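The structure under discussion appears below in the form of structure tokens.
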Amino acid sequence: MAPMGIRLSPLGIGVFCLLGVGVLYHVYSGFLTGKFAAFFLGDGGAGQGQPVDLRELLAVSIRAAQLGGLEVKRVRETNSLNEKAKGKTREGAEDKMTRGDLLSNRKMYHLIKNAFPAVLVNTEEQVDADEESVPWVPNIPDEIKDIIKTSKEVAPESITVWIDPLDATYEYTENLINYITTMVCIAVNGKPIIGVIHKPFTSYTAWAMVDGGSNVKRRSSYNEKTPSFIVSRSHSGQVKEVTRQTFGNKTEIISAGGAGYKVLSLLDITENKQEIADVYIHVTFIKKWDICAGNALLNALGGHMTTLNGEEIIYTGSDGNEGGLLASIGMDHGALVEKLAEKLPTIQKTHK
Ligand SMILES: Nc1ncnc2c1ncn2[C@@H]1O[C@H](COP(=O)(O)O)[C@@H](OP(=O)(O)O)[C@H]1O
Ligand SMILES: [Mg+2]
Ligand SMILES: [Mg+2]
Ligand SMILES: [Mg+2]
């Protein structure tokens with residue numbers, strides 16, 4: 001008996017085969033087109049879903065910080081800042097932005113997005129997605145290969161990039177150019193792994209990769225007994241009161257602009273205009289693009305950056321860090337946190 005009583009004519013078989021070929025063509029043509037497009041667009045293996053080589057991402061980050069820095073310098077030197085207020089900080093200070101911030105942001109964002117389209121990039125300033133293409137020719141400079149000998153690959157979905165296109169905008173508008181940096185940070189699963197801090201006006205770049213290497217070192221010693229503290233000059237809040245009441249009235253306090261600059265002050269930086277300090281403390285709100293690169297550099301060199309309570313900062317999700325900041329290297333970070341824990345609740349009550 002013919003199954004279910006169906007009799008297929010030769011014409012029926014022909015139509016059936018044609019339908020099958022059509023379905024197969026539909027399924028595979030999309031796949032192949034995607035592959036060809038990726039090949040011709042120079043996706044270079046860094047497209048959607050492809051693993052990201054962290055050494056190449058470091059190279060892109062350094063290039064981005066330097067390209068952004070050129071914009072920052074050009075705008076300052078041509079005195080075309082076009083200063084604006086984005087709004088107010090929680091403490092009521094003006095949150096400033098200039099053409100330097102915007103143009104640097106644009107260059108840095110588009111370079112990184114072009115090189116690694118599949119990674120999430122969080123920038124301080126707004127970007128227009130179809131603005132400008134900044135080309136990246138895949139390569140890892142010898143300067144990096146000499147220090148980081150082997151490559152490491154991670155999934156693009158695990159990466160969050162944080163860009164600060166101009167740190168210390170306040171000081172930039174006052175022409176205090178020594179405080180200015182551009183910064184890129186790569187967090188993997190929320191942990192700060194790669195940090196780049198670039199000083200555009202002296203063309204100095206510090207970079208580091210956790211468990212990889214760095215082009216910068218910690219200092220050979222720190223004053224653990226009576227440490228000097230570096231603090232904000234334009235978003236200070238109660239930082240001087242907190243520091244003196246916790247660590248003693250005679251504690252040396254250095255006021256300086258820029259979160260990037262303040263992290264560099266903890267390291268062995270061979271620049272004559274770079275001040276040095278033992279601890280960086282910040283008591284007001286701050287954003288993750290301000291602190292992530294410094295956190296990665298410190299982690300790579302064996303230091304610490306935490307909230308005032310000693311908690312690690314997670315670099316995914318929201319862009320704000322609520323718990324203040326304590327950064328140190330070459331000293332007992334836990335002991336600093338403990339001292340703060342003794343005094344902070346009473347100080348905060350008194351200053352409410
Ligand atoms: N209370 C606050 N609210 C928002 N941003 C803050 C802040 N305190 C500091 N920042 C930001 O942190 C960076 C370092 O601040 P400071 O120089 O005062 O130490 C600056 O980044 P930008 O210049 O990139 O905006 C500043 O805007
Ligand atoms: Mg900043
Ligand atoms: Mg900024
Ligand atoms: Mg800003």
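Predicted model, so just to flag it, every value in this text is computed and none were measured. Atoms within each ligand, like the ligands themselves, are counted from 1 in listed order. For this chain, numbers begin at 1 and follow the sequence in order.
With rounding to the nearest 0.5 Å, the separation of CE in Met183 from SG in Cys292 is 9.5 Å.
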Between Asn105 and Asp101, is the side-chain contact (heavy atoms from CB on, under 4.5 Å) condition met? List the steps. CA-CA 6 Å; Asn105 195 71; Asp101 297 73; 5.9 Å; no
Trace of the side-chain hydrogen bond (donor to acceptor under 3.5 Å, both in side chains) decision for Thr202 with Glu271: CA-CA 9 Å; Thr202 51; Glu271 280 222 317; 2.8 Å; yes
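The salt bridge (charged side-chain N to carboxylate O under 4.0 Å, His left out) test with Glu171 is passed by exactly one of Lys96, Arg76, Arg233, Lys262: Arg233.
Between Tyr280 and Phe229, the distance separating the two ring centers is not shorter than 6.0 angstrom.
With no hydrogens or angles considered, a side-chain donor-acceptor pair links Tyr261 and Glu275 at under 3.5 Å. In summary, the side chains of Thr205 and Gln66 do present a donor paired with an acceptor at a separation below 3.5 Å, with no hydrogens or angles considered. Inspection of the Tyr315 and Asn295 side chains reveals an N or O donor paired with an N or O acceptor under 3.5 Å. Side-chain contact annotation: Asp278 with Ser228, donor-acceptor N/O pair under 3.5 Å present. Using a 3.5 Å distance cut-off with no hydrogens or angles, the side chains of Trp289 and Glu125 do not pair a donor with an acceptor. Side chains of His198 and Thr181: a donor-acceptor N/O pair is absent below 3.5 angstrom, by distance only. With 3.5 Å as the limit, one finds no donor-acceptor pair spanning the side chains of Thr182 and Asp167.
A salt bridge does not link Lys88 to Glu94: none of the charged side-chain nitrogens sits closer than 4.0 Å to a carboxylate oxygen.
Among heteroatoms of the N, O or S kind in Asp164, OD2 lies nearest the Mg ion (ligand 2). With respect to the Mg ion (ligand 2), Asp290 has OD1 as its nearest N, O or S atom. Looking at Asp167 and the Mg ion (ligand 2) together, the shortest N, O or S contact belongs to OD1.
Here the closest heavy-atom approach between residue Phe285 and residue Glu91 is recorded as N-OE2, 4.0 Å. Nearest heavy-atom pair, Pro200 versus Gly69, reported as atom, atom and distance to 0.1 Å: CB-O, 3.4 Å.
Not a single heavy atom of Lys287 sits less than 4.0 Å from an atom of ligand 1. Using 4.0 Å as the threshold, Lys262 has a heavy atom nearer than that to some atom of ligand 1.
For a threshold of 3.5 Å applied to N or O pairs, the pair formed by Ala256 and ligand 1 contains no separation below that value. Residue Thr284 places at least one N or O, backbone or side chain, under 3.5 Å from an N or O of ligand 1. Polar contact check, Arg233 against ligand 1: no nitrogen or oxygen pair lies under 3.5 Å apart. Residue His282 has at least one nitrogen or oxygen atom sitting less than 3.5 Å from a nitrogen or oxygen atom of ligand 1, judged on distance alone. For ligand 1, one of its N or O atoms has an N or O atom of Asp290 under 3.5 Å away. Between Tyr280 and ligand 1, not a single N/O pair is under 3.5 Å apart. Checked against a 3.5 angstrom limit, the closest N/O atoms of Phe285 and ligand 1 fall inside it. Taking only nitrogen or oxygen atoms, main chain and side chain alike, Arg90 does not reach within less than 3.5 Å of ligand 1. Backbone and side-chain nitrogen or oxygen atoms of Tyr170 are examined, and none is located within less than 3.5 angstrom of a nitrogen or oxygen of ligand 1. Geometrically, ligand 1 and Leu166 share a nitrogen or oxygen pair separated by less than 3.5 Å.
Interface of Ser234 with ligand 1, defined as ligand atoms under 4.0 Å from a residue heavy atom, comprises 18 (O). Residue Ser232 has at least one heavy-atom neighbour below 4.0 Å for each of these atoms of ligand 1: 16 (P), 18 (O), 19 (O). Heavy-atom contacts of Thr169 reach the following atoms of ligand 1: 23 (O) (cutoff under 4.0 Å). Numbered from 1 in the order shown, with element, the atoms of ligand 1 that lie under 4.0 Å from a heavy atom of Asp164 read 24 (O). Each of the following atoms of ligand 1 lies closer than 4.0 Å to a heavy atom of Gly257: 17 (O).
Scanning the protein heavy atoms around atom 26 (C) of ligand 1, the nearest turns out to be His235 CE1, 3.5 Å. Atom 17 (O) of ligand 1 has as its closest protein heavy atom Gly258 N, 2.6 Å. Protein heavy atom in closest approach to atom 1 (N) of ligand 1: Glu91 OE1, 2.7 Å. Scanning all protein heavy atoms for the shortest distance to atom 14 (C) of ligand 1 gives Ala259 N, 3.5 Å. Nearest to atom 20 (C) of ligand 1 among the protein's heavy atoms is Asp167 OD1, 3.7 Å. Residue, atom and distance of the protein heavy atom nearest to atom 25 (O) of ligand 1 are Glu124 OE2, 3.2 Å. In terms of protein heavy atoms, atom 4 (C) of ligand 1 is closest to Thr89 CG2, 4.0 Å.
Within the 3.5 Å criterion, the main-chain N or O of Leu266 finds a donor-acceptor partner in the side chain of Tyr222.
Contact check for Lys343 versus Lys339: no side-chain heavy atoms found under the 4.5 Å cut-off.
Using a cut-off of 2.8 Å, one finds that Glu124 contributes an N/O/S atom close to the Mg ion (ligand 4).
With distances taken over non-hydrogen atoms, the option nearest atom 23 (O) of ligand 1 out of Ala168, Pro165, Gly87 is Ala168.
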